[in-house]
Number of protein chains: 2
Amino acid sequence: MGNPNRDNEYLGKLQDYFSQYRSLPSYAVIGEMLGMASKSAVSALVKRLTLAGYIEMTPDRRLAPTKRFFERELADFPVPAGLPAAANDAMSDALTVDEYLIPRPSTTVLVRVKGDSMIEAGIHDGDIAVVEKRHAANLGDKVIAIVDGEYTLKTLAKDKLGFLLQPENAEYAPIRPREGLEIYGVMVGLIRKYR
Amino acid sequence: MGNPNRDNEYLGKLQDYFSQYRSLPSYAVIGEMLGMASKSAVSALVKRLTLAGYIEMTPDRRLAPTKRFFERELADFPVPAGLPAAANDAMSDALTVDEYLIPRPSTTVLVRVKGDSMIEAGIHDGDIAVVEKRHAANLGDKVIAIVDGEYTLKTLAKDKLGFLLQPENAEYAPIRPREGLEIYGVMVGLIRKYR
DNA sequence: GCTCCAGTCGAACAATCGTTCAGATAGACT
DNA sequence: AGTCTATCTGAACGATTGTTCGACTGGAGC
């Protein structure tokens with residue numbers, strides 16, 4: 001062929017564009033962006049990407065990304081620094097971050113973690129906890145519980161006296177609810193961002 | 001005025017459309033959708049919504065939703081005091097977890113963490129590291145480096161002898177690269193899922 | 001060497017784009 | 001009542017859209 005397959009690189013630029021503007025550009029602008037001089041080249045590219053399932057046409061013939069457009073490759077080993085094509089081969093799995101973390105959006109809440117009472121479980125101050133709202137939990141689950149009208153993230157435990165909320169930090173004492181234990185939700189994921 | 005203000009209703013339909021197609025339609029289709037017979041009415045509406053900050057124009061004059069476009073009435077859920085604010089400010093101005101963690105999709109890779117050499121930094125075996133591919137890093141950054149052809153996640157440090165890769169686990173020894181240090185990428189985020 | 005052929009170029013095309021403007025409509029105000 | 005004023009209509013406009021087609025390019029593979 002005239003060129004090695006650069007569609008992956010092209011797709012990447014489109015993903016960057018969409019993540020910035022939440023909209024896909026026109027063929028002319030795509031061409032400019034990708035260094036193509038003719039719209040017919042873009043047209044062919046769009047056809048290829050559509051076939052591959054990354055983009056689609058709305059009923060009124062506008063470009064729109066599909067779900068696959070947002071998939072990321074999850075590599076067990078990072079790939080040798082080299083061609084983007086190589087990165088494809090080593091892709092062990094593809095997933096969208098949102099779907100991975102939040103399978104049930106309507107009952108899921110994000111809560112910013114405060115304090116270091118859970119630091120030995122690798123949950124730091126400022127992290128974001130992905131919490132699924134429900135009232136039932138298993139022992140060992142990290143739960144958001146309501147104690148004296150306050151919300152607190154602890155590990156659910158139990159001893160001969162009953163349920164208790166266990167911090168993951170030796171400097172903190174377990175909390176034993178005076179009355180029934182009210183659980184707001186169960187922590188199902190963690191998000192952290194380094195700046 | 002000729003009509004009560006129906007912009008809210010119009011906005012709602014645009015939101016529905018976007019959530020279905022991930023793209024905003026042309027003026028003609030908007031008019032059809034909203035029951036407007038003339039594109040100039042749509043043009044005026046777009047001007048109003050732009051002014052109100054719900055939509056904007058990309059550099060190539062395409063309609064694109066803004067963050068405010070995705071705001072929802074929060075009247076429905078009187079969430080117990082303390083939490084709702086946390087959920088909202090947790091991701092500040094990002095619409096999705098994906099967007100929050102991955103501003104530049106094409107240079108970002110997800111890598112599954114193996115081993116517990118970084119456990120004191122709250123990075124556990126099985127966690128997913130969000131890695132931005134680049135060769136430059138700052139001291140203190142957690143980097144994926146290439147040492148003897150192997151990829152390893154460590155904290156970048158430096159002493160009088162030069163750069164070294166510092167594990168975050170007292171039981172591991174620092175790695176001092178024999179030759180130049182090659183950096184594959186910088187860890188910018190962390191994702192963990194509890195099952 | 002030679003042929004393939006996916007990818008790109010360049011130009012021409014009708015269709016659709018969003019803008020503009022003058023005029024009609026109808027609720028809100030005095 | 002009459003006047004305002006924001007909204008919508010309808011038509012005309014040049015600009016831009018995406019499609020199409022024939023020709024060119026340069027690795028891959030015989």
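Sequence lines set the chain letters: A, B, ... in the order given, protein chains first and strands last, and positions in each chain run from 1. Note that these values count all heavy atoms, side chains included, but never hydrogens, waters or copies made by symmetry. Only a predicted model underlies this, so the values are computations on that prediction, with no experimental measurement involved.
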Using whole Å, report how far CE of B:Met57 lies from C1' of C:dC17.
11 Å
Return yes when atom CD of B:Glu9 has more than 12 non-hydrogen atoms of other residues, nucleotides or ligands closer than 6.0 Å, and no otherwise.
yes
Measure from CD1 on B:Ile30 to C1' on D:dC8 and round the result to the nearest Å.
15 Å
Between CZ of B:Arg61 and C1' of C:dT16 the distance, given in whole Å, is 15 Å
Value in whole Å for how far the C1' atom of D:dT19 lies from CG of A:Leu63
13 Å
Is the distance from OP1 or OP2 of D:dT20 to the nearest side-chain N or O of A:Tyr27 less than 4.0 Å?
no
I'd like to know if A:Ser40 reaches the base of C:dG10 with its side chain, counting only an N/O donor and acceptor under 3.5 Å.
yes
Within the pair B:Arg48 and D:dT7, is there a side-chain N or O less than 4.0 Å away from OP1 or OP2?
yes
Looking at A:Asp98 and A:Lys67, does any basic side-chain N land under 4.0 Å from a carboxylate oxygen?
no
Between B:Asp60 and B:Val42, whichever has its closest DNA chain D nucleotide further toward 5' is B:Val42
Closest to the B:Lys39 side chain, choosing from D:dT9, C:dC9, C:dG18:
C:dG18
Base, sugar-phosphate, or nothing for B:Ala37, non-hydrogen atoms under 4.0 angstrom?
sugar-phosphate
B:Arg62 side chain, from C-beta outward: closest of D:dT7, D:dT17, D:dT19:
D:dT17
Give the rounded distance in Å between these two atoms: CZ of A:Arg6 and P of D:dG27.
13 Å
Among the nucleotides C:dT8, C:dT20, D:dT9, which one has an atom lying closest to any side-chain atom of A:Tyr10?
C:dT8
Carboxylate-amine/guanidinium proximity below 4.0 Å for A:Asp16 and B:Arg104
no
Tell me which nucleotide among C:dT20, D:dT19, D:dT17 gets nearest to the side chain of A:Ala28.
D:dT17
Rounded to whole Å, how long is the line connecting atom CG of B:Leu51 with atom C1' of D:dA6?
14 Å
Please state how far atom CG in B:Leu24 lies from atom P in C:dG18, giving the value in whole angstrom units.
11 Å
Once rounded to the nearest 0.5 Å, what's the spacing between atom OG1 of B:Thr152 and atom CD1 of B:Ile146?
11.0 Å
Closer than 4.0 Å, any side-chain N/O of A:Ser26 to the OP1 or OP2 of D:dT17?
yes
Return the value, rounded to whole Å, for the distance between atom CG of A:Leu45 and atom P of D:dT20.
16 Å
With salt bridge (charged side-chain N to carboxylate O under 4.0 Å, His left out) as the criterion, how do A:Arg22 and B:Glu99 come out once you've worked through the C-alpha distance, each side chain's angles and the decisive distance to 0.1 Å?
CA-CA 11 Å; A:Arg22 287 176 283 278; B:Glu99 189 185 339; 3.4 Å; yes
